[in-house]
Amino acid sequence: MTTTVVRPDLPPPPPPPPHGHRARNVSVLAVVVVLVLVGGFFVSRDAWWGLRPTPDFPSLIETPDPTLQGTVASLRPYPDDHCIRLTSASGGASQELTCLGEDARGGELQWLADGRLQVTGYGDAQHPDDIWRKVIDPRTGDVQEVPKAEIPPRQPAPESVPGPGGEVVTTTSARGTLTMTLTTDEGTRTLLSVGAPSTYTFGQPAWNGDGSWFVVKDDLDRLLLVTTAEPSQTRVLVEG
């Protein structure tokens, strides 16, 4: 009786994998698990930073500071009446100067040397020819229309707006912390460092005449007044 046959034209079956090969597979699996855990940690950390609450600041509306001098003009984008409001730098309630109506798109404000307020609109992509300029006297409420032919072309927006003495404000956001620095001829120092979501940002500063403070708009459409003397203070001047 034949119980075993050998066919000489077939190669012998492969030997079972050595113990070391199995150990290597286990090591590779362990590395993959570690990478997944580490990646999950960083993703969770970034998500946590992104969900941090918007920073809260003291209010000049509720607690005015009489040491701050000047007047801030701002254009309210909502609702679509584009109303201009004036606010004392010391704080308190804002006063409505005039409303330009929903046709006054993209207004840019500028104080003139004679104390009047200039408002210029250059339209948008859908209304490129909608160029206009008005000059408003805040003492009388008089509004003067400027002929379109007298309005110069729009200049590109600068990457930064220096202060009257060449001061430069820089804002960075990293690891859930928003940092604002001031650079002068004497060096760079921190004006503000506060926990904030990674999406929270500031606009360009609008400076007062002597560089002792400036105003920025944040993502909540609040106007924040920031003093530059040490210690610097950041306070809400106008709610959105």
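The model shown is predicted, which means the values in this text are computed figures rather than measured ones.
Side-chain contact check for Leu117 versus Val135: every heavy-atom pair is 4.5 Å or farther apart. With a 4.5 Å cut-off on side-chain heavy atoms, Val72 and Leu223 count as touching. Using a 4.5 Å heavy-atom threshold, the side chains of Thr183 and Glu167 count as separate. Considering only heavy atoms from C-beta on, Asp218 stays 4.5 Å or farther from Thr201 through its side chain.
For residues 223-240, every residue pair satisfying the side-chain hydrogen bond (donor to acceptor under 3.5 Å, both in side chains) rule, not counting sequence neighbours, is listed here: Asp65-Arg235.
Linking ILVMFWY side-chain heavy atoms closer than 4.5 Å, directly or via other members, places Leu237 and Leu86 in two distinct hydrophobic clusters. The hydrophobic clustering, which links ILVMFWY residues whose side-chain heavy atoms are closer than 4.5 Å, places Val146 and Leu112 together. A chain of hydrophobic side-chain contacts below 4.5 Å, direct or via other Ile, Leu, Val, Met, Phe, Trp or Tyr residues, connects Leu60 to Val215.
No donor-acceptor pair closer than 3.5 Å links the side chain of Glu186 to the backbone N or O of Thr184. Thr140 contributes a side-chain N or O that, together with a main-chain N or O of Asp142, makes up a donor-acceptor pair within less than 3.5 Å. Side-chain atoms of Asp137 do not come within 3.5 Å of backbone N or O of Gly141 as any donor-acceptor pair.
No hydrogens or angles considered: nothing links the side chains of Ser173 and Ser198 as a donor-acceptor pair under 3.5 Å.
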Practice task
Using the side chain to side chain contact (heavy atoms under 4.5 Å, CB included) rule, take Val119 and Leu100 through it: C-alpha gap first, then chi angles, then the decisive distance, then the call.
Solution key: CA-CA 10 Å; Val119 193; Leu100 303 176; 3.8 Å; yes
Problem - From CA spacing to verdict: side chain to side chain donor-acceptor pair (under 3.5 Å), Thr190, Thr181 - result: CA-CA 4 Å; Thr190 299; Thr181 59; over 6 Å; no
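Annotation: the span from Gln95 atom CD to Ser88 atom OG amounts to 9.5 Å, rounded to 0.5 Å. Within the model, atoms CZ of Arg139 and CZ of Arg116 stand 8.5 Å from one another, a figure rounded to the nearest 0.5 Å. Here the CG-CG distance, from Asn208 to Leu68, works out to 9.0 Å after rounding to the nearest 0.5 Å.
Ionic pairing of Glu145 and Arg133 is not present here: no N-O contact between side-chain nitrogen and carboxylate oxygen is shorter than 4.0 angstrom.
When every heavy atom of Pro55 is checked against every heavy atom of Pro197, the shortest pair comes out as CD-CD, 4.4 Å.
Through side-chain heavy atoms spaced under 4.5 Å, either directly or across other Ile, Leu, Val, Met, Phe, Trp or Tyr residues, Val216 is tied to Phe57, Ile61, Val161, Val169, Leu178, Met180, Leu182, Leu191, Leu192, Val194, Tyr200, Phe202, Trp207, Phe214, Leu224, Val226, Val236.
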